Asker: 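Shown below is the structure under consideration.
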Amino acid sequence: MPAASRLKIGLSACFSHADPARSLFTGKTLQYVEQSIAHWLMSSGAMVVMVPCPTGSTQRGDVTYAHYAQWLDGLVLHGGADVWPGSYGETPLKEQWSGDHLRDDYDKALVAAFEAVGKPVFGVCRGLQLLNVAFGGTLYQDIETQVPDSFIHRDASTYDLNFHSVDIVQGSRLSALYPGVERVRVNSIHHQGIKDLSPEFEAEAHSVTDGIVEAIRRKDRSKSYIAALQWHPEFHQAGSDTIDDGAVLQDFLQAVAAAKDTQNRRQPTLPLLAS
């Protein structure tokens, strides 16, 4: 397939802030993507582009979030640091839960830019939490501390091999992607989660026993597509007993293709020049 016909998906950057103790790029801010999620998106044939933050102390030139939103076809927000509690009006309960407010501001600006031009957005893990906060929701700063009778959603020693079950909300779009399926097994790599769900979204899955929201989707289908998962679809291994997230990826990319087609049809046609 020629490059010109492939979907171009923007992938949000993870931040590694300046650290004088680091052996490489000492004292410099690094922006990067995790390889698995880029490859998950590329498995569909889409081209993936990291969207670097255009602002900061080293800023040069006039490139903005809007330029990326106009050029790319869709946006994926991936995992990483905690969301800063100040983003939803709270004070960190512990210093280690302070999150990254600079990345929060970056991610929210990206979402606003893509929404302004009607292009789909998909979130993974932190991406789900950020979307909920960006649209007025709140988070548990630490599920184990704040949710009675909860279980461990993040185990540092097992990391992406920590699993639990989720119930899919029947009648939701997610249930339509997995007809006849009510309960699935997913990886779990988070200690924060949705407390108050934004009124912009509906829950499409909950973790079994403690009820944490595990998937969300925008309620108003007349608005641009936004959906997100709390688990990491990019870490699914073929042949494992965890949910095959290929249907979720295709749902997002079909929305991207449809939005691109709609916008192409709206583009004015230039008159042919007389020979």
Side-chain angles (χ1 to χ4, degrees), residues 1 3-17 25 29-56 63-83 99-100 102-135 160 187 189-190 215-218 224-236 245-260 263:
M1 182 187 300
S5 61
R6 294 176 185 264
L7 295 176
K8 300 189 296 292
I9 305 300
L11 183 57
S12 66
C14 289
F15 288 17
S16 180
H17 296 290
F25 296 102
T29 297
L30 305 182
Q31 295 176 24
Y32 62 94
V33 297
E34 195 281 320
Q35 178 174 277
S36 296
I37 193 164
H39 285 178
W40 180 63
L41 294 167
M42 292 164 70
S43 70
S44 66
M47 297 177 66
V48 178
V49 178
M50 187 190 84
V51 183
C53 180
T55 61
V63 176
T64 66
Y65 295 102
H67 288 120
Y68 278 102
Q70 291 163 9
W71 175 53
L72 296 167
D73 301 316
L75 173 68
V76 172
L77 303 172
H78 71 2
D82 289 347
V83 175
D100 187 344
L102 293 177
R103 185 175 171 191
D104 295 351
D105 291 344
Y106 156 81
D107 278 336
K108 286 188 285 188
L110 264 182
V111 171
F114 276 76
E115 186 179 24
V117 291
K119 295 186 179 180
V121 176
F122 184 77
V124 171
C125 196
R126 170 195 156 87
L128 171 142
Q129 297 166 13
L130 188 284
L131 285 166
N132 186 58
V133 169
F135 287 91
D160 57 336
N187 57 54
I189 319 171
H190 63 107
I216 61 174
R217 187 174 300 267
R218 193 173 218 163
S224 58
Y225 175 110
I226 301 180
L229 302 177
Q230 182 59 75
W231 65 89
H232 287 257
E234 71 276 18
F235 293 155
H236 168 75
D245 302 278
V248 174
L249 177 58
Q250 289 306 311
D251 181 65
F252 167 62
L253 294 176
Q254 286 169 8
V256 172
K260 181 178 181 180
Q263 296 200 354

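It should be emphasised that the depicted structure is a prediction, and the values quoted were computed from it without experimental measurement.
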Asker: Given side chains that start at C-beta, do those of V124 and P233 come closer than 4.5 Å, heavy atoms only?
Answerer: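 In short, these two side chains touch, coming nearer than 4.5 Å.
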Asker: Whether the W40 and D245 side chains hold a donor-acceptor pair (N or O, under 3.5 Å, no angle test) is what I'd like checked.
Answerer: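 No, D245 and W40 have no side-chain donor paired with an acceptor closer than 3.5 Å.
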Asker: Does S44 have any side chain to side chain contact (heavy atoms under 4.5 Å, CB included) partners at least two apart in sequence or in another chain, and if so, which?
Answerer: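 Side chain to side chain contact (heavy atoms under 4.5 Å, CB included) check on S44 returns A46, L249, Q250, L253.
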Asker: Sequence neighbours excluded, which residues qualify as side chain to side chain contact (heavy atoms under 4.5 Å, CB included) partners of M50?
Answerer: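 Residues passing side chain to side chain contact (heavy atoms under 4.5 Å, CB included) with M50: A13, Q31, V33, P52.
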Asker: So V51 and L72, do their side chains get closer than 4.5 Å, heavy atoms only?
Answerer: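 Yes, at least one pair of side-chain atoms sits under 4.5 Å.
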Asker: Which heavy-atom pair separates L77 from S12 by the least distance, and what is that distance?
Answerer: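 Closest pair (atom of L77, atom of S12, distance): CA-OG, 3.4 Å.
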Asker: I'd like to check the side chain to side chain donor-acceptor pair (under 3.5 Å) partners of S16; sequence neighbours left out, ordered by chain and number.
Answerer: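 Testing S16 for side chain to side chain donor-acceptor pair (under 3.5 Å), a comparison that skips the adjacent residues, returns R22.
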Asker: Could you pull out all residues at least two apart from H67 that satisfy side chain to side chain donor-acceptor pair (under 3.5 Å)?
Answerer: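 For H67 the side chain to side chain donor-acceptor pair (under 3.5 Å) partners, ignoring immediate neighbours, are T64.
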Asker: Among residues at least two apart in sequence or on other chains, which ones pass ring-ring contact (aromatic ring centres under 6.0 Å, His included) with H236?
Answerer: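 Partners of H236 by the ring-ring contact (aromatic ring centres under 6.0 Å, His included) criterion come out as none, since no residue qualifies.
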Asker: How would you list, by chain and number, every residue that makes a side chain to side chain contact (heavy atoms under 4.5 Å, CB included) with A247, sequence neighbours excluded?
Answerer: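 Per chain and number, A247 pairs via side chain to side chain contact (heavy atoms under 4.5 Å, CB included) with L177, Y178.
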Asker: Would you mind reporting whether D251 and R217 have side-chain heavy atoms less than 4.5 Å apart?
Answerer: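 Heavy-atom side-chain distance check passes, below 4.5 Å.
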Asker: Side chains of L11 and V76, heavy atoms from C-beta outward: is any pair under 4.5 Å?
Answerer: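 Of all side-chain heavy-atom pairs linking V76 with L11, at least one is under 4.5 Å.
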Asker: According to ring-ring contact (aromatic ring centres under 6.0 Å, His included), who are the partners of F114, at least two apart in sequence or on a separate chain?
Answerer: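 None.
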Asker: Once side chain to side chain donor-acceptor pair (under 3.5 Å) is applied, do any residues pair with S36, and if so which ones, sequence neighbours excluded?
Answerer: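 Listed in chain order: E34.
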Asker: Passes side chain to side chain contact (heavy atoms under 4.5 Å, CB included), I9 versus F122? Steps please.
Answerer: CA-CA 10 Å; I9 305 300; F122 184 77; over 6 Å; no
Asker: What pairs with D73 under side chain to side chain contact (heavy atoms under 4.5 Å, CB included), at least two apart in sequence or on another chain?
Answerer: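 Per chain and number, D73 pairs via side chain to side chain contact (heavy atoms under 4.5 Å, CB included) with L7, K8, V256, K260.
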Asker: Show the nearest heavy-atom pair for residues A227 and L131, with the distance to one decimal.
Answerer: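 The answer is O-CD1, 4.2 Å.
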Asker: Provide the full list of salt bridge (Lys or Arg N to Asp or Glu O under 4.0 Å) pairs with a residue in residues 108-123, sequence neighbours left out, each pair given once.
Answerer: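 Residue pairs with at least one partner in residues 108-123: E115-R218.
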Asker: Which atom names give the shortest non-hydrogen contact between A259 and G118, and what distance separates them?
Answerer: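 Where A259 meets G118 most closely, the heavy atoms are CB-O, 3.9 Å.
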Asker: Got C125 and H78 here, is their nearest side-chain heavy-atom distance under 4.5 Å?
Answerer: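 Sidechains of H78 and C125: no contact.
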Asker: Please list, chain by chain and in numerical order, all residues satisfying salt bridge (Lys or Arg N to Asp or Glu O under 4.0 Å) with R126, sequence neighbours excluded.
Answerer: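 By the salt bridge (Lys or Arg N to Asp or Glu O under 4.0 Å) rule, R126 matches D104, D107.
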Asker: Who are the ring-ring contact (aromatic ring centres under 6.0 Å, His included) partners of F15, not counting sequence neighbours?
Answerer: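 Residues passing ring-ring contact (aromatic ring centres under 6.0 Å, His included) with F15: H17, Y106.
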Asker: For R103 and C53: C-alpha separation, side-chain torsions, deciding distance, then whether side chain to side chain contact (heavy atoms under 4.5 Å, CB included) applies.
Answerer: CA-CA 9 Å; R103 185 175 171 191; C53 180; over 6 Å; no
